[in-house]
Amino acid sequence: MAKKSDTQTDREYYGKKEYINNIEDKKEEDTAPKYSVDFDWEWDHKNEKIILKAKDKISKRRWQLTLGKESYLSPSKEYDRMNEIFDDDDYQLITQYNQIDGDLTVMFLKQKAKVETYKFVLPQTQ
C-alpha cells in the first residue's frame, strides 16, 4: 500500500481507497498567472505612426495596434506624451485579456486615480 503524505486525505469508494489533495494544494495551483504581458511602443518614422505591441510570455500570443493621423492630429506629439506617461512610475500598467475575441485591453492608470490616462484595445495578431 502506498504511503499517504501529510497533505493528502483519503476517501473510500466501493472498498477502494483513493488519495486526494487538500484544498490548500488546489489554491496554490489556482494562483499561477494565466498570462504575463510585455508591453512596448515605438515610433515609425517613415509612416509617422505609433506602434503599440504586446506579447504574452506564457502563451506566446501577440497583439499590435498602429495609431496615426486617423487617431491623433499630431501623432509625433502624442508619442512624446505617451513616452512620458509609459515611463513614469506613478502610472500603473493594467492589462485585460478578452478570451472571447482575443483582444488585449491595455490601460495606464495614475496611482489613486479613477479614470485611466490611456486605454487601448489591441487586436490579436498571433
>> Is there a side-chain hydrogen bond (donor to acceptor under 3.5 Å, both in side chains) between Trp41 and Asn83? Walk through the geometry before answering.
In response: CA-CA 8 Å; Trp41 63 98; Asn83 251 345; 2.5 Å; yes

>> Determine whether Met107 and Gln96 satisfy the following criterion, side chain to side chain contact (heavy atoms under 4.5 Å, CB included), listing intermediate values before the conclusion.
In response: CA-CA 9 Å; Met107 295 176 280; Gln96 295 175 334; 3.8 Å; yes

> How far apart are the C-alpha atoms of Leu104 and Val37, what are their side-chain angles, what is the distance that settles it, and do they pass the side chain to side chain contact (heavy atoms under 4.5 Å, CB included) test?
Replying inline: CA-CA 10 Å; Leu104 182 74; Val37 176; 3.9 Å; yes

> Does the side chain to side chain contact (heavy atoms under 4.5 Å, CB included) test come out yes or no for Phe120 and Met82, once each step is laid out?
Replying inline: CA-CA 12 Å; Phe120 305 103; Met82 285 179 184; 3.6 Å; yes

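Note: the hydrophobic cluster containing Phe108 also contains Trp43 (ILVMFWY, side chain heavy atoms under 4.5 Å, direct or indirect links). Connection of Ile85 to Leu122 is established within a shared hydrophobic cluster, with ILVMFWY side chains joined at heavy-atom distances below 4.5 Å, either directly or through further cluster members. Hydrophobic clustering (ILVMFWY, side-chain heavy atoms < 4.5 Å, transitive): Phe39 and Leu67 are in one cluster.
Checking side-chain atoms of Trp63 against main-chain N and O of Gly102 turns up a donor-acceptor pair under 3.5 Å.
Separating the CZ atom in Arg62 from the OG1 atom in Thr125 is a distance of 7.5 Å, to the nearest 0.5 Å. Annotation: the span from Lys55 atom NZ to Gln126 atom CD amounts to 8.5 Å, rounded to 0.5 Å. Distance check, rounded to the nearest 0.5 Å: OG of Ser71 to CD1 of Ile50 gives 8.0 Å.
Listed here is the closest heavy atom pair of Asp103 and Gln124: OD1-N, 3.9 Å. Contact between Val121 and Leu65 at its shortest, heavy atoms only, is O-CD2, 3.9 Å. In plain terms, the two heavy atoms of Pro75 and Lys69 that are nearest each other are CG-N, 3.7 Å. Closest of all the heavy-atom pairs between Ser36 and Asp56 is N-OD1, 3.0 Å. Taking every heavy atom of both residues into account, Arg81 and Tyr118 meet most closely at NH1-OH, 2.9 Å.
Two rings, from Tyr79 and Tyr72, have their centers 6.0 Å or more apart. Not less than 6.0 angstrom separates the ring centroid of Tyr91 from the ring centroid of Phe86.
Screening Lys57, Arg61, Lys53 for a salt bridge (Lys or Arg N to Asp or Glu O under 4.0 Å) with Asp38, the sole residue that qualifies is Lys57. Of the listed residues (Leu52, Thr95, Ile94), just one forms a side-chain contact (heavy atoms from CB on, under 4.5 Å) with Val106, and that residue is Thr95.
Salt bridge annotation for Glu70-Lys49: present, with a cationic side-chain nitrogen under 4.0 angstrom from a carboxylate oxygen.
Around CD of Glu48, the count of heavy atoms belonging to other residues, nucleotides or ligands within 6.0 Å does not exceed 12. Counted within 6.0 Å of CD on Gln99, heavy atoms from surrounding residues, nucleotides or ligands total 12 or fewer; the atom is thus considered open.
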